[in-house]
Protein chains: 2
Amino acid sequence: MADRVEPGGPDENEVLADDELTDAELRAADGRVPGRRGRATRQRLLACTADMLGTTSFRELRVVDIAREAGTSPATFYQYFPDVEAAILVLAEEVAQEAAGLADLVRGPSWKGRQGWAASTAVADGFMDFWERHRAVMRVVELAAGEGDQRFHRLRTRMLNPLATAFTEVVDGFRKEGRQPADLDPMAVAGVLVSMLAHVAAHRYGFEFWGIRSEDTTRTMARIIFTTVTGQKPPADV
Amino acid sequence: MADRVEPGGPDENEVLADDELTDAELRAADGRVPGRRGRATRQRLLACTADMLGTTSFRELRVVDIAREAGTSPATFYQYFPDVEAAILVLAEEVAQEAAGLADLVRGPSWKGRQGWAASTAVADGFMDFWERHRAVMRVVELAAGEGDQRFHRLRTRMLNPLATAFTEVVDGFRKEGRQPADLDPMAVAGVLVSMLAHVAAHRYGFEFWGIRSEDTTRTMARIIFTTVTGQKPPADV
DNA sequence: CGGCGTTCCTGACGGAGCGTCAGCTAGGTG
DNA sequence: CACCTAGCTGACGCTCCGTCAGGAACGCCG
């Protein structure tokens, strides 16, 4: 509408080209670089978004509600985030940092004999625990990715791929040793195992609703992981 | 707003109590029992909904678009369905009929020896095939159930429970024969297996994107199913 | 074939959120 | 104290939702 006059200010494209990582996440809608107060408001909005995600379903999360909860107005929200998803994406980014550590549960320990069983339970428990601690955010990641939102789809991939890659490597090791059939595709194995973990973790309460104890679910998954990765039966006393 | 006058017409509650199965699905919004033309319109709306589900993402499916596609108006749509989900629910109901047959893949055949391997592949293949043929509808069922929509959640349960129950029975059989540990919870096993199948089927194209062949995915799942159900290693030549 | 009752359809409307401005407020600085 | 600019918001236009009153089409009967 109004012709944009930018007296002396840097060209927008320059700003976009310049600020790569540090400011990209923090830059406000109009290109300003926020100061102390602005960042505090942004953090408050993020915190309220996280809070409300715990109680409200993702789809019912309205910008107007988040803003009111944070003691500000909807227009302010849009200064810091293009939409609600973008705010959640920031929260999810922090979760993604932690998710990278899941791969260590697979890559770190030895998978030979009883140590393999320990690793299997560690992966199953660790994954379930991880998902539980970030339940609200992970639910949104799953839903949004499922709906075709590319931002969340990419994030989901970044979260789970390290784990899948780690599985692939371990399985490939066993395959090269002849413990697994030569025609087994380690990536397929990895993908199926990660799928199992993700879906079971996401539906944990569904399992409990049917009277299945979490302990049994986790142990069942540990057995499957052990057998599928190593090609051996799990130890008899588990 | 306007005081409701119902001159001589039957009380709404009576109607609701009376029409149980036959008319419940067909009754229009205002309580009328539709005639030939009405049902044709309803069918047209359903067909267009199914068509557009194939191309448009569930969340972008607008009542106004479906109505226009069907050559009618949004208000007409609301005569036959309270919302878009309700229309999809009708489509999903048909899918649910077919889903009941999945349990036969588990319950029917013997699980002893090589026959067990045949059963495992049949389940993995059959499930993937089922999901593929109803991809569009199943995607909505998963999403809507995940978002907390009770209608879809119940439908999802009705779809997958027979399969889980069948798994439970077979596993329990092996457990009683001493082929499986006594402390294994057959329901946990069944739940995990169904979760694996559902999630892998839903993310099939994700697998293919990473260069994993569907054949390898399915075979991997068949191995897991065989081992997890029977407690044995799969035959060497697969 | 004309009148009548019922089924069927739709234009038009109020309402809820969204996302965007122009313009105001207030904290910081010289 | 005056000024600047980061920060905030009231108010608006838009899109889509779901509803309702009332018109159109159909079928039946005399």
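Keep in mind it's a predicted model, so treat the numbers as computed, not measured. In what follows, chains carry the letters A, B, and so on, assigned in the order in which the sequence lines appear, proteins first and then strands, with residues in each chain numbered from 1.
- Rounded to whole Å, atom P of C:dC18 lies 16 Å from atom CD of B:E60.
- Checked against the 6.0 Å centroid threshold, B:F77 and B:F81 count as a close aromatic pair.
- Rounded to whole angstrom, the span from the CD atom of A:Q79 across to the P atom of D:dG10 amounts to 14 Å.
- For the pair A:L45 CG and D:dC8 P, the computed distance is 9 Å after rounding to whole Å.
- Looking at the side chain of A:Y78, the nearest of the listed nucleotides C:dC18, D:dC17, C:dC9 is C:dC18.
- Separating the CZ atom of A:R59 from the C1' atom of D:dC16 is a distance of 15 Å, rounded to the nearest angstrom.
- Between C:dT10, D:dT9, C:dG19, one nucleotide has an atom nearer to the side chain of B:S73 than all others, and that is C:dT10.
- Rounded to an integer number of Å, the gap from CZ of A:R68 to P of D:dG10 is 13 Å.
- Between B:E142 and B:R139, none of the side-chain N atoms (NZ, or NE/NH1/NH2) sits under 4.0 Å from a carboxylate O, so this pair counts as no salt bridge.
- For A:V63, the listed nucleotide lying nearest its side chain is C:dC18; candidates were D:dG18, C:dC18, D:dC8.
- In this structure, CZ of B:R44 is placed 11 Å from C1' of C:dC9, rounded to the nearest angstrom.
- Across D:dC8, D:dC17, C:dC9, the shortest atom-to-atom separation from the side chain of B:V64 is found for D:dC17.
- For A:R42 and D:dA6, the CZ to C1' distance is 16 Å, given to the nearest whole Å.
- Nearest-nucleotide mapping onto DNA chain D: of A:T72 and B:L61, the residue sitting toward the 5' end is A:T72.
- Salt bridge present: A:R151 and A:D83 bring a charged side-chain N and a carboxylate O closer than 4.0 Å.
- Regarding B:D65, its CG atom lies at a distance of 13 Å from the P atom of D:dT15, rounded to whole Å.
- Nearest-nucleotide positions on DNA chain C for A:P74 and A:R62 put A:R62 closer to the 5' end.
- Out of C:dC18, C:dC8, D:dG10, the shortest distance to the side chain of A:A75 is found at D:dG10.
- Ion pair A:R133/A:E98 flagged as a salt bridge, since at least one NZ, NE, NH1 or NH2 atom sits closer than 4.0 Å to an Asp/Glu carboxylate oxygen.
- Checking D:dC17, D:dG7, C:dC9 against the side-chain heavy atoms of B:T41 singles out C:dC9 as nearest.
- Taking the six-membered ring for Trp, B:H134 and B:F130 have ring centres closer than 6.0 Å.
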